[in-house]
Each structure stands twice: as structure tokens, then as C-alpha cells.
> 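Next up is a structure, given as C-alpha cells.
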Protein chains: 2
Amino acid sequence: MGITERKEREKAEMKRLIMDAARRLFVEQGFEKTSIRNIADEIEYSPGTIYLYYKDKSELLFDLHQESFQKLIEQFQRVLNIRDPFERLTTMGRYYMQYGFENPELYELMFLMSSPIETIECREEIWEDGHVAFEMLRQIVRECIEAGYFKIDDVEGTSMMIWATVHGLVTIHLRKRTTMFREDERIPRLEHAYERFVELIKGKI
Amino acid sequence: MGITERKEREKAEMKRLIMDAARRLFVEQGFEKTSIRNIADEIEYSPGTIYLYYKDKSELLFDLHQESFQKLIEQFQRVLNIRDPFERLTTMGRYYMQYGFENPELYELMFLMSSPIETIECREEIWEDGHVAFEMLRQIVRECIEAGYFKIDDVEGTSMMIWATVHGLVTIHLRKRTTMFREDERIPRLEHAYERFVELIKGKI
DNA sequence: AAATAAAATGAACGGTGTTCAGTAAAACAA
DNA sequence: TTGTTTTACTGAACACCGTTCATTTTATTT
């Protein structure tokens with residue numbers, strides 16, 4: 001049945017076409033300002049067509065959501081060859097922040113948007129990649145404890161706290177709550193705060 | 001000129017009427033789902049009337065923004081009678097998180113929404129209250145350093161890091177990125193992570 | 001009481017996400 | 001090849017949104 005195969009392939013290609021256009025527009029001009037009609041224009045199809053491939057706008061966002069987590073996980077994997085677990089942990093944090101600063105719209109989608117979540121509450125599998133990423137953090141924290149870097153055996157609480165800190169720093173920047181600093185000093189200040197955090201947990205947790 | 005006075009009073013009352021309705025609806029059903037028409041219905045006026053008192057939806061949000069910061073600052077003031085600066089600092093953090101958990105929509109407006117910011121970039125005074133709140137944090141950190149709790153003299157970096165952590169914890173919850181935990185365990189887990197953070201900075205910074 | 005000024009209206013504009021009857025193209029059956 | 005069925009696509013229409021503005025209602029002044 002070569003025909004059904006081709007059909008499937010074409011369907012996948014169309015989804016990709018839509019997703020690529022959506023990503024381009026989202027990254028360029030943000031989620032709020034990108035409409036289904038914009039995406040339809042971009043790929044030279046009618047708005048209705050998009051609904052033949054995606055149930056609604058949320059589902060479209062979710063494909064991007066997943067893709068974005070894959071990208072973050074890729075970044076995290078760059079860290080796996082670092083021997084020392086503490087060094088590995090802190091570098092991971094730096095990559096996390098870098099990812100957020102460099103891909104604001106994707107970070108928004110992954111950690112800041114509420115709309116995709118609401119529609120999807122039933123589909124728990126959506127968080128699989130998110131959980132994978134968090135498990136990577138937990139694993140490293142575990143190793144730090146085993147290696148004696150952290151004195152208290154609390155993987156869960158420590159991981160959560162570390163995530164909250166880097167996430168907080170990224171979010172403060174993405175939502176432009178840094179007006180107390182000069183524009184060109186904002187990211188450096190946040191990076192500095194992170195280094196303060198690293199010093200803090202260094203051998204003292 | 002009793003009449004102009006009354007007019008002014010009436011204008012202020014009308015603004016208050018609109019704001020109260022807006023707050024009620026926002027807190028009840030969120031910002032996204034509250035439209036100008038909803039607010040107009042609630043106060044039994046036509047949609048156009050609202051635009052006689054508020055330039056646009058952003059300006060309405062900003063009045064609420066300011067009010068919400070006042071409320072947070074009030075919470076912070078409850079802490080001022082605590083003698084020990086470290087105890088004062090950590091209690092402030094607890095109040096901050098509590099405020100976020102109990103007033104999700106207001107917290108959203110203060111720290112998470114992007115729409116009000118964009119429209120207002122010119123009006124720097126909007127951040128005055130935000131800066132006041134942050135300055136309260138800085139002041140306490142300063143006192144902690146003076147009292148010898150923190151060894152490194154870096155008010156800015158330390159304050160930023162502390163804010164980022166509590167803000168991160170609140171945000172993770174508000175944006176429902178805690179699906180790895182059972183529903184009734186989510187807030188306790190975040191509070192636990194905060195206590196881990198407190199232990200971390202206790203005499204070790 | 002008439003003229004003027006202020007306040008409130010609600011239809012209209014251009015936008016949004018989404019649906020669906022209708023059309024065009026492709027696949028299948030004869 | 002022709003006719004029929006299945007599939008793909010269209011674009012007008014629906015109900016909403018924030019916002020504007022000519023018009024009407026209400027209040028104040030002359």
C-alpha cells in the first residue's frame with residue numbers, strides 16, 4: 001500500500017510546513033501577535049486548512065512545546081562529559097539560563113504560557129520531556145550528594161530550589177522586571193546573581 | 001467651586017467602581033477571560049463609558065498593578081518589627097510566597113504579564129512601588145550583612161538571587177509546572193524547597 | 001425656558017479562533 | 001476511459017475581542 005504511506009508522509013510534511021511557519025512567526029513577532037490567519041498566509045493556504053492538521057491553536061503550540069524541550073535537553077547533554085558533578089550541575093544552570101535568554105519565545109512556551117496547559121490537562125504525556133529534563137537535574141543533584149558536595153540528602157527539595165532560582169532569574173528578565181538596572185547591565189546582573197548562587201551552594205548545602 | 005469638586009469626586013468614584021468590578025472579575029476568572037464588555041456589564045454601563053475613564057485596558061491594569069504592589073508592601077511591613085535581620089528576611093520570603101499563592105491573578109499582573117509593560121515603557125513611575133518593594137529586600141539584606149549573617153558584601157547580587165528564588169517557586173506553581181507532584185503536595189513541596197533555601201543561606205552566604 | 005456643556009450610548013471597525021457547507025482534486029471501480 | 005467515491009481545501013460566517021465616534025441623553029449655565 002504505497003499510497004497510504006505517501007499520504008501519511010504528505011500529512012507529516014504538511015504538519016511540518018505549518019509548524020515551521022508557526023515557529024518562524026512566533027520567534028519573530030511573539031505568540032500573542034501571531035494568528036492562525038498569519039500562519040495560513042505564510043504557507044499560502046486558507047485558515048481552515050490548518051484545522052485539518054491541528055485540532056486548535058493549543059495543539060500547534062504543543063508540538064512546538066515538545067520540540068523546544070528536545071532542544072533544551074540537547075543543551076543539557078553537552079554537559080554530560082563533565083566529570084565533576086558539581087561543575088556539571090553549575091554548567092547545566094548556565095546553559096539553562098543561556099537557553100532562556102537566547103530563545104525567549106520558546107522559553108515562554110515551555111515555562112510561562114498558561115494557555116496550552118489548560119486545554120491539555122488530560123494529556124499527561126505532554127510533560128514527558130519536561131520530566132526528562134527535570135530528572136536530569138535530579139540525577140546530577142543525586143550525584144553531587146553522593147560525591148559529598150551536598151551534606152543534606154534531599155534530592156527533591158534541592159533540585160526544586162535550584163530550578164526555581166534559575167527559572168526565576170530567566171523569568172525576571174523575560175518579563176522585563178529589571179527596570180532598576182541600565183539596559184545593557186540587566187543580563188550581566190542576572191548572571192552575576194547566578195554566580196552568587198553557585199558560590200552559595202558550593203560545598204555548603 | 002463646589003461643583004467641580006463634586007465632579008472630580010464623581011469621576012474618582014466612577015474609576016473606583018470600574019476598578020472594583022475589574023478586580024472582582026479578574027480575580028474570579030482571570031485576565032484573559034475578562035473583557036471590557038464583561039466589566040461594562042458588571043457595572044451596568046456601556047463598553048464605551050469605560051474609555052471615558054481609562055485610556056485603554058492597559059491603564060486599567062496599571063491601577064490594579066499599583067494597588068497590588070501596595071498590598072504586597074503592606075505584607076512586607078508586617079515583618080518590620082522582627083528584630084533579628086535574618087529572621088526578618090526569611091519571614092519576608094514566606095510572606096512573598098504566601099502572597100503569590102493566595103493572589104495568583106494579582107501576582108500575575110505584578111510579575112508575569114507582559115502586556116502592561118509594553119504599552120507603558122515611557123511611564124517609568126509605574127515601577128515606583130515595585131522598586132520600593134525591592135528596596136525593602138535590599139535593606140534587609142544590607143542589615144544581614146552588617147549583622148554578620150552574610151560574609152560577602154554584595155547587596156545587589158544577593159538580593160537579586162533571593163528574589164529570583166522565591167519568584168521562581170511562585171511562578172512554577174502559578175504556571176502549573178509541578179505536574180510531577182500530586183496535586184495536594186505541590187505547594188508543600190515548594191514551601192519545603194524554600195526552607196531548604198533558608199537553611200542554605202543560614203550563616204553560609 | 002433655551003442654550004450649552006458633559007456624560008453615556010451602542011453601532012461599527014478591524015481584528016481574533018474556530019466551524020462548516022460547498023467546491024476542487026485525487027483515488028478507486030467499472 | 002468514464003463515473004463514483006473519498007479526500008483535501010476553501011472562504012464565508014459565527015461569536016467574540018479592544019477600541020472609536022457620531023449620536024442621544026442628562027446636567028449645568030445663561
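Chain identifiers are assigned alphabetically (A, B, ...) following the order of the sequence lines, protein sequences preceding nucleic acid strands; residue numbering begins at 1 within each chain.
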> Does CD in Glu10(B) sit with more than 12 non-hydrogen atoms of other residues, nucleotides or ligands closer than 6.0 Å?
yes

> Just the rounded figure in Å: distance from P of dA8(D) to CD1 of Ile18(A).
13 Å

> What contact category does Tyr54(B) fall into here, base, sugar-phosphate, or nothing, at under 4.0 angstrom with non-hydrogen atoms?
nothing

> Out of dT19(C), dT19(D), dT10(D), which nucleotide sits closest to the side chain of Tyr45(A)?
dT10(D)

> Please tell me whether Phe62(A) and His65(A) form a close aromatic pair, meaning their ring centres lie under 6.0 Å apart.
yes

> Mind telling me whether Tyr96(A) and Phe76(A) have parallel, tilted or perpendicular rings, with 30° and 60° as the class edges?
parallel

> Return the value, rounded to whole Å, for the distance between atom CG of Asp41(B) and atom P of dG18(D).
12 Å

> Report yes if at least one side-chain N or O of Ser35(B) is closer than 4.0 Å to OP1 or OP2 of dC16(D); otherwise report no.
no

> In terms of side-chain heavy atoms of Arg6(B), which of dT28(D), dG17(C), dA27(C) is nearest?
dT28(D)

> Could you tell me how far apart Glu13(B) (CD) and dA7(C) (P) are, to the nearest whole angstrom?
14 Å

> Compute the bend angle of the helix from dA1(C)-dT30(D) to dC28(C)-dG3(D) from the end axes (five pairs per end), rounded to 10°.
30°

> Find the distance Lys33(B):NZ to dG17(C):C1' and express it as a whole number of Å.
15 Å

> Using whole Å, report how far CG of Leu52(A) lies from P of dA24(C).
17 Å

> Rounding to a whole Å, what distance do you find between Ile36(B):CD1 and dT16(C):C1'?
16 Å

> Thr49(B) has a side chain; which of dT9(C), dG17(C), dA26(C) sits nearest to it?
dT9(C)

> Under 6.0 Å from the six-membered ring centre of Tyr95(A) and within 45° of its axis: does the NZ or CZ of Arg78(A) meet both?
yes

> When you measure from the centre of the six-membered ring of Tyr54(B), is the NZ or CZ of Lys15(B) closer than 6.0 Å and no more than 45° off the axis?
yes

> Closest to the Arg37(B) side chain: dT16(C), dA12(C), dA8(D)?
dA12(C)

> If you assign each of Asn38(B) and Glu10(B) to its closest nucleotide in DNA chain D, which residue comes earlier from the 5' end?
Asn38(B)

> Cationic tip of Lys11(A) within the cone over Tyr53(A)'s six-membered ring, i.e. under 6.0 Å and within 45° of the normal?
yes

> Below the 4.0 Å mark, does dG10(C) have OP1 or OP2 next to a side-chain nitrogen or oxygen of Ser46(B)?
no

> In whole Å, what is the span from the CG atom of Leu61(A) to the P atom of dG17(C)?
10 Å

> Val27(A) and Leu106(A): which non-hydrogen atoms are nearest, and at how many Å?
CG2-CD2, 4.3 Å

> Nearest whole Å is fine: how far is dT10(D) C1' from Glu44(A) CD?
15 Å

> State whether Tyr53(B) places a side-chain N or O below 4.0 Å from either non-bridging phosphate oxygen (OP1 or OP2) of dA8(C).
yes

